[in-house]
Amino acid sequence: MGLSNIEIAQAAEMLPIVQVAERLGIPEESLEPYGRHKAKVSLSYVDSLKDRPRGKLVLVTAVSPTPAGEGKTTTTVGLGDALTRIGERAMVCLREPALGPVFGMKGGAAGGGYAQIVPMEDINLHFTGDFSAIAVATNLLAALIDNHVHHGNALGIDVRRITWRRVLDVNDRALRDVVVGLGGPGNGYPRESGFDIVVASEVMAVFCLATGIADLNERLGDIVIGYTHDRRPVTARDLEAHGAMTAILRDALAPNLVQTLEHTPAFVHGGPFANIAHGCNSAIATQAALHLADYVVTEAGFGADLGAEKFVDILCRSTGLRPAVAVIVATVRAMKYHGGVDVADLPIEDVEALERGTVNIVRHLTTVRETWGLPAVVAINHRAEDTDAEVSALVAAVERAGARAVVARHFAEGGAGAEELAREVVRLCAEPGELCFTYRDEATLWEKMRSIAVRVYGASDITASTAVRAQIRRLQEEGYGGYPVCVAKTQYSFSTDPKLRGAPSGHVVDIREVRLAAGARFVVMICGDIMTMPGLPAAPAANTIDVDDGGRIVGLF
């Protein structure tokens, strides 16, 4: 039996973070070390990079996720190491793992096998405290809202229309809906509220889209926390909360520098989920990396229909970032799953089911290449049980769709196993291309949502209740119609039904709820049954995590 991910990570010989920074030309005085192997890079140094030329941005996305896992983060890390191995100056940019999934169903999120970022335990647990800062800033605003109401409510906030929720970095279904302010007049006014997971917080989205301290402060001030009795929006600025929130987040906004197992530099910073938020690491980290390296490999959460769409339509619109190429991660197991095979039977060879399931990768390829205009390559994340017949069938299906598929063995071999993929990425980066958005800026919110549903999800139309339609019209009339749309839906299907595998078409996407994220400057359309506070599974990953007698963490992914 091979080594586990954590055993591989703990056996790694890491370079001191100062040496990793030296490879990028970052002076030691611009680092704020957190021990020997991780550090923040000062915002003043990041700001000094803005006039340097930019490298090429490589976007790693994937097929629709399956219970077997596709290894998108692993591929991102392996590709970064492979680019370094073939002589390119490369960096990796990833999101920080959230404790909710780490202790819940998914486990850690620092890559896997011999394609990991380290120190793995630190990154998967508290890291540099960024998520704690985001949680405190979010909950400070919640406390200031209730405090304002308690002390006279000069702004006339309608307590029935307070939309701001508290957050926690643990999956806890019992906190989805709560009543606060119980216990008498000294405890405030009772009202219904609830908790979201930190990665679903608007502060997380603001944090990852902000271009600097001033922009962070401005965006935090724009956050709408609720409405008055006459339906006027109330902002964090009205409560004079944004300054203190900025102070809490000031140090966290500096990017976190770590390394891969093969010492490729990596920024790991920020972490909104892609099924309930925009799913990209911080813009500050990606922008800085592009000025420090010739190739920057980053990922967008979940499948291309969620993560890549938001990367293009939200992040790229907001920041001017432009990927040169997209890498779509697929596995033999995923194609068989989308072809109707049960999880328990995935290790069994089934070429016919795989070929049925390739409709999923073809749909994603079509969207990436034709809707967004990006050159694309499919990375087949190889597993030991994949048969030659299955791999050949997947390669052939991708070729029939007009693209190339490359088998990558980075999980077992590290960067050496992804060198062919790296060379193909370099080749595609030299091809001319121009990024296209899914919808026009001038389109209405309804039209934007419909464009995503039809052009990306393969739907025939969208629908919403009378109340939701009225809310969308009201946001349009209040001046928020120019914002992009951030769709919250299941990651497991192009539709809003997680059980519809493959590439369903002709379905209708129902908008169940609409939320304004004025600080993040997008409008969230919640479709289907999606939770912004997940629950723990029957056997959570937390049950296997422990610390041995020597103080080493065990059982972490």
Side-chain angles (χ1 to χ4, degrees), residues 5-6 65-70 72-73 94-110 112 120-127 129-139 142 164-180 192-205 207-208 268 270-281 301-303 306-307 343 486 488-493 496 498 512-513 515 524 526-547 553-557:
N5 290 336
I6 192 169
T66 71
E70 285 60 62
K72 181 159 46 63
T73 301
L94 293 171
R95 292 172 293 164
E96 299 178 48
L99 288 179
V102 167
F103 293 138
M105 182 184 298
K106 184 178 177 183
M120 180 262 223
E121 307 102 299
D122 295 12
I123 293 167
N124 273 312
L125 297 176
H126 297 294
F127 201 20
D130 293 344
F131 281 22
S132 295
I134 290 166
V136 170
T138 302
N139 294 334
W164 195 250
R165 292 161 63 90
R166 290 167 170 83
V167 296
L168 191 70
D169 198 16
V170 175
N171 294 353
D172 191 346
R173 62 174 55 84
L175 295 178
R176 287 172 184 160
D177 296 289
V178 301
V179 177
V180 299
E192 292 185 28
S193 187
F195 281 74
D196 292 330
I197 193 166
V198 168
V199 290
S201 165
E202 185 179 350
V203 174
M204 175 66 83
F207 180 89
C208 288
V268 179
F273 271 7
N275 59 343
I276 47 184
H278 75 282
C280 313
N281 67 270
F302 295 124
L306 278 172
V343 174
C486 181
K489 78 168 187 72
T490 179
Q491 65 268 35
Y492 296 114
S493 174
T496 57
R512 183 171 58 82
E513 183 183 346
R515 295 183 184 178
V524 182
I526 299 177
C527 303
D529 187 15
I530 190 75
M531 292 291 182
T532 52
M533 169 54 85
L536 291 169
N543 291 353
T544 65
I545 299 171
D546 205 344
V547 180
I553 295 172
V554 296
L556 178 62
F557 195 52

Taking everything shown except Phe127 itself, do over 12 heavy atoms lie less than 6.0 Å from its CZ?
yes

Which atom pair, heavy atoms only, marks the closest approach of Trp164 to Thr138?
NE1-O, 3.0 Å

Is there a side-chain contact between Val554 and Ile6, using heavy atoms and a 4.5 Å cut-off?
no

Determine whether a donor-acceptor pair (N or O, by modelled atom type, separation under 3.5 Å) exists between the side chain of Arg515 and the backbone of Val524.
no

Considering non-hydrogen atoms only, spot the tightest contact between Ile123 and Ala110 and give its length.
CG2-CB, 4.5 Å

Over all atoms of both residues, closest heavy-atom pair of Gly303 and Pro65
N-CD, 3.8 Å

Between Gly528 and Thr496 the two heavy atoms that sit nearest each other are CA-CB, 4.0 Å

Distance, nearest 0.5 Å, that separates SG of Cys208 from CG of Asp130:
9.0 Å

Enter the distance from Gln491:CD to Thr66:OG1 here, rounded to the nearest 0.5 Å.
11.0 Å

Considering all heavy atoms, the nearest Leu175-Leu168 contact:
CD1-CD2, 3.8 Å

Work out which heavy atom in Asn171 is nearest to a heavy atom in Gly104; give both atom names and the distance.
ND2-CA, 4.4 Å

Any heavy-atom pair between the side chains of Lys489 and Leu306 that's under 4.5 Å?
yes

Just by modelled atom types, is the Gly270 backbone N or O under 3.5 Å from a matching donor or acceptor in the Glu96 side chain?
yes

Report yes if the side chains of Asn281 and Leu94 come closer than 4.5 Å at any heavy-atom pair, otherwise no.
no

Give a yes or no on whether the backbone of Asp529 and the side-chain of Arg512 come within a donor-acceptor separation of less than 3.5 Å.
no

To the nearest 0.5 Å, tell me how far Asp546 CG sits from Leu556 CG.
11.5 Å

With a 4.5 Å heavy-atom cut-off, do Ile276 and Ile197 have their side chains touching?
yes

Contact check, side chains of Met204 and Phe131, non-hydrogen atoms, under 4.5 Å
yes

Got a second to check how far Ile553's CD1 is from Asn124's CG, nearest 0.5 Å?
9.5 Å

Looking at side-chain heavy atoms only, is the closest gap between Leu125 and Phe103 below 4.5 Å?
yes

Using atom types as modelled and distance alone, determine if a side-chain donor or acceptor of Arg165 lies under 3.5 Å from a backbone N or O of Arg176.
yes

Donor-acceptor pair, Arg166 side chain versus Phe195 backbone, under 3.5 Å?
no

